[in-house]
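Just below is one structure, and these are the notes that go with it.
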Amino acid sequence: MPDEQGQDRIAIVGMGIRLPGAGRDLDRFWHNVENGVEAMTFFERDQLLSWGVPEEAVDHPDFVPARSVLDDYDRFDGRLFGYSPQDSVLMDPQQRVLLECAWGALEHAGYAPIAPDGNRIAVHVGTGLNVYLLDILWPNARAVKSAGGLQLLISSDKDYAATRIAYKLNLQGTAFTVQTACSTSLVAVHLAVQSLLTYEADVALAGAATVAPPTRRGHLHEPGGIFSSDGRCRTFDSSAQGTVAADGAGVLVLKRLEDAVRDNDTIHAVIAGTAATNDGARKAGYTAPGPEGQAAAIRSALAVAGVDPDTIGLIEAHGTGTILGDPIEVSALRSVFGTDRGDTPPCALGALKSIMGHLDTAAGVVGLIKTVLALRHRTIPPVARFTEANPALELEKSVFYVPTTATEWPAIDGVRRAGVSSFGIGGTNAHVVVEEAPPKVRTGRRRRPISELILVSAKTEQAATESLTRVNDFIAETPPEDLADVAFTLRTGRVQFPWRGFLIRTPDEDLKPLRPVRRASAQAAERGVAYFFSSGGRLPGSPHTYNVDPHFRRIVDQGYAEVRARVDHPDHDTRERAGRFALALAWIDTLRRRGVRPVAMVGQGAGAVASACGAGVLSFADGIDLAMRRPPSGVPLAAPEVPLYGRDGTPITTGQATDLDYWAARFDESHDQEYAPPAIDPAPAAWLEIGTQVLPHPDVEPPPMSNGLDKMLGTVGLLWEMGIGDPWDEQLDLGRGRLPVPGYPFTPTRHYLDIPTAAKERHL
């Protein structure tokens, strides 16, 4: 029995889809589910013939020209994954879709889709039959000859579906291709859960894809068979005659629940238990469903979860809508759930196939994603086109009902739970028990909302521009208390590409116009940024930063505390020197915490001494002593860790750097209000002027900002655009969590061979 901390529970932290009528959009998918919007498409005769569907098939009286299809089935963002157009066109489109879904699911979870070395991220995925190879590629003799045998095999065979994802995304856990026909993706979920529970992996991806070429758009209806006579699936209905084929894919990102809670992940739902069984020979035939095996899978999953069947409010059924399949499935459910649950609300039946048809290998995971969305929205979705129950279901003798409209999902014993079934032709059955996510509990201290630096990047200028626009629209609707999480997610949960853009979101100000994106430069990154300390500006300098940034405030306060520890009533000049010295060090620390480290420093007055302290030459206390005209501690000075220069650009020698008198004299030098950075060798890619505020001197003007914190953030953003910047200090991210924010805007282009004449001669 699981304990209260969620031991043996698995969190669903990310989801990625490619579905008919919804594309990659989870919200749009839920809208379609909630409103029973069908995704089936019906095709014209001329379309089918042009795609290579044989004329004798199209004109057959039992031919049904229907399928649920993806709009961009022939397109792929090969450039993102480093594939040439030639390699992209050879690859099984199912594996291309899976690769993009895996990327999207990891981003949805808030994790960079190209993982760092040392990760233990597992991949369990499967695909349908590679009909693209059979119908399109193989008959194209020129393409086959050009590709060569090994490359054609690697591009086409199912064996490489999981390892391709692992290779391209640098996922270093186990990578298993799973194949159990229609139950493939839910079995993949089951195996991914096992890998997490046995600590073989810390994160696991699970899912599948089924995508067929246009040559397979339509089917021949056979009475009593799996495919419907009119191109619609009426699951559980008295008029049900089968289902419709569908293309699509889904991928989940899973973590142990305790890990997800610890890491402040967004938990969409919790997997309480999973199970898989096989019918063996306990059925009428190899392709027939087996009620004993189905019931065993459901019963085992409930036992693993430690869940009473009476607490299940929804069963997302396999639901093929066939004359034979639906009654057998409900019979298996009835054997587990019984015929009465007293005053407990009845259990709803769900059927994704009623709006989308049969996704084959991807059916189970997409059914699970549908159920997760239902839990999140606390809504029981309808079964589309249901009018009257098939009498053979005997629903009146069960605890089940078929919803015809979306209704509020009542909690049972304080929680909402569901079961998801998927049964493969041949006999492999899988069932998952899933429950709503626990209330989110923040770890670490939460601060009040402040301005946040929002970073985006992409591989192309077009994609970066689109990404910046999408993120800007997203944060316009983001509550101020979530801005820190959005900024954290985009900064740590994305791959950093060369085309970059940023914006500053201030909780109490309107969004500012977007600036053009820029391309980062490897040369700029190598040359880095230098600081020059002007000691300019009026104290206190940046009161807003002082008020909202505790690390900044600590250093400024330390400066004045050091002065008060030495004298009760310091004069104005002493306070001025010590204040400017401490403020300069506070800015050095603030920039360092945000990944900015100088390659050189130049300064005048108090700023010069601050540069020496920042370079590790003398201590903070020594700097305060010098500001107060007192003899320092006597500890020998160290050689600078960062090259230091005089105000005229002359390098400061080691002898000068380790001479206390040299630094004491710097406090007395006159301040040039028009001070500009000198020429030094090697020249940095950019200069930052540090006075009471931080001002950049790159080749692009910073956006107009109203306070010192925002100006500093804008400076960090400008440097990041140029390619300058390291990871931020983890202390700044304490208490922050990962949120689903806009992901990479794929820019797919067509990578698909034309249908050869030979393909048009084949038969369905």
Side-chain angles (χ1 to χ4, degrees), residues 16 18 23-24 50-52 69-104 107 113-114 125 127-170 209-217 247-249 251 457-467 495-499 517 519 743-760:
R18 286 280 295 280
R24 299 177 174 89
S50 69
W51 289 329
V69 298
L70 299 175
D71 291 337
D72 52 356
Y73 68 95
D74 57 348
R75 296 177 176 270
F76 174 54
D77 195 348
R79 182 173 181 178
L80 174 64
F81 297 100
Y83 283 110
S84 69
Q86 293 78 12
D87 289 339
S88 296
V89 82
L90 290 174
M91 196 188 311
D92 179 3
Q94 298 175 117
Q95 296 196 32
R96 303 188 327 200
V97 166
L98 263 183
L99 193 51
E100 290 185 354
C101 275
W103 181 289
E107 286 195 327
I114 298 181
V125 295
T127 67
L129 178 67
N130 185 359
V131 189
Y132 176 74
L133 173 67
L134 299 179
D135 288 4
I136 310 292
L137 186 54
W138 190 254
N140 195 316
R142 179 178 297 179
V144 171
K145 183 177 180 180
S146 175
L150 180 59
Q151 185 59 45
L152 189 64
L153 176 67
I154 293 172
S155 299
S156 301
D157 196 79
K158 291 180 177 181
D159 285 4
Y160 306 104
T163 52
R164 186 186 310 282
I165 294 171
Y167 174 67
K168 284 297 178 179
L169 305 188
N170 194 38
T210 292
V211 182
T215 48
R216 299 298 173 115
R217 291 184 176 175
D247 298 331
V251 172
S457 69
K459 208 159 191 177
T460 66
E461 181 178 11
Q462 175 188 348
T465 300
E466 181 181 347
S467 183
V495 178
Q496 292 192 6
F497 288 112
W499 281 98
V517 298
R519 186 178 178 87
Y744 191 89
F746 295 107
T747 52
T749 55
R750 191 174 192 273
H751 297 292
Y752 217 80
L753 289 175
D754 292 329
I755 300 169
T757 302
K760 297 181 181 182

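Quick note: residue numbers are just sequence positions, from 1. Side chains are part of it too, since the values below use all heavy atoms of this structure and drop only hydrogens, waters and symmetry mates.
At distances below 3.5 Å, at least one donor-acceptor pair connects side-chain atoms of R96 with backbone N or O atoms of S88. With hydrogens and angles ignored, the 3.5 Å screen pairs a side-chain donor or acceptor of Y744 with a backbone N or O of K459. Between the Y132 side chain and the L753 main chain, a donor and an acceptor come within less than 3.5 Å of each other. The backbone N or O of D157 lies less than 3.5 Å from a partner atom in the side chain of Q95, making a donor-acceptor pair. In this structure, S457 contributes its side chain and V495 its backbone to a donor-acceptor pair below 3.5 Å. Distance alone, capped at 3.5 Å, is enough to place a donor-acceptor pair between the N130 side chain and the S156 backbone. Remark: the backbone N or O of R142 is not paired with any side-chain donor or acceptor of S146 at under 3.5 angstrom.
For R217 and Y73, the positive end sits near the middle of the six-membered ring, less than 6.0 Å away and at most 45° from its axis.
Closest of all the heavy-atom pairs between T127 and A161 is CG2-CB, 4.0 Å. What you find for R164 and L99 is that their closest heavy atoms are O-CD1, 4.4 Å. In terms of heavy atoms, I114 sits closest to N170 at CG2-CB, 4.4 Å. In terms of heavy atoms, D247 sits closest to A212 at OD1-N, 3.2 Å. Closest approach of P748 and R75 over heavy atoms only: CB-CB, 3.7 Å. Taking each heavy atom of P139 and L134 in turn, the nearest pair found is CD-O, 3.4 Å.
By the neighbour-count criterion of 12 heavy atoms within 6.0 Å, atom CD of Q496 is densely surrounded, having more than that number from other residues, nucleotides or ligands.
With respect to the salt-bridge test (charged N to carboxylate O, under 4.0 angstrom), the residues D72 and R18 qualify.
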Next on the checklist: Evaluate D92 against L133 for side-chain contact (heavy atoms from CB on, under 4.5 Å), listing each step before the verdict.
Outcome noted: CA-CA 7 Å; D92 179 3; L133 173 67; over 6 Å; no
Next on the checklist: Using side-chain contact (heavy atoms from CB on, under 4.5 Å), reason through F76 and V89 one step at a time and then give a plain yes or no.
Outcome noted: CA-CA 9 Å; F76 174 54; V89 82; over 6 Å; no
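Between W103 atom CH2 and L169 atom CG the span is 7.0 Å, to the nearest 0.5 Å. The NE2 atom of H751 sits 9.5 Å away from the CE atom of M91 when rounded to the nearest 0.5 Å. From T749, atom OG1 reaches atom CG of D74 across 9.5 Å, with rounding to the nearest 0.5 Å. Taking CG of L98 as the start and OG1 of T210 as the end, the distance is 9.0 Å to the nearest 0.5 Å. I136 contributes atom CD1, which lies 9.0 Å from atom CG of D754 (distance to the nearest 0.5 angstrom). From L152, atom CG reaches atom CG of L90 across 6.5 Å, with rounding to the nearest 0.5 Å.
Two residues are said to be in side-chain contact when any heavy atoms from C-beta on lie closer than 4.5 Å; D87 and Q151 meet this criterion. Two residues are said to be in side-chain contact when any heavy atoms from C-beta on lie closer than 4.5 Å; L153 and Y160 meet this criterion. For the pair Y83/K168, a side-chain contact is recorded, criterion being any heavy-atom separation below 4.5 Å from C-beta on.
Between F746 and F81, the ring-plane angle classifies as parallel under the 30° and 60° cut-offs.
With sequence neighbours excluded, no residue forms a side-chain hydrogen bond (donor to acceptor under 3.5 Å, both in side chains) with S467.
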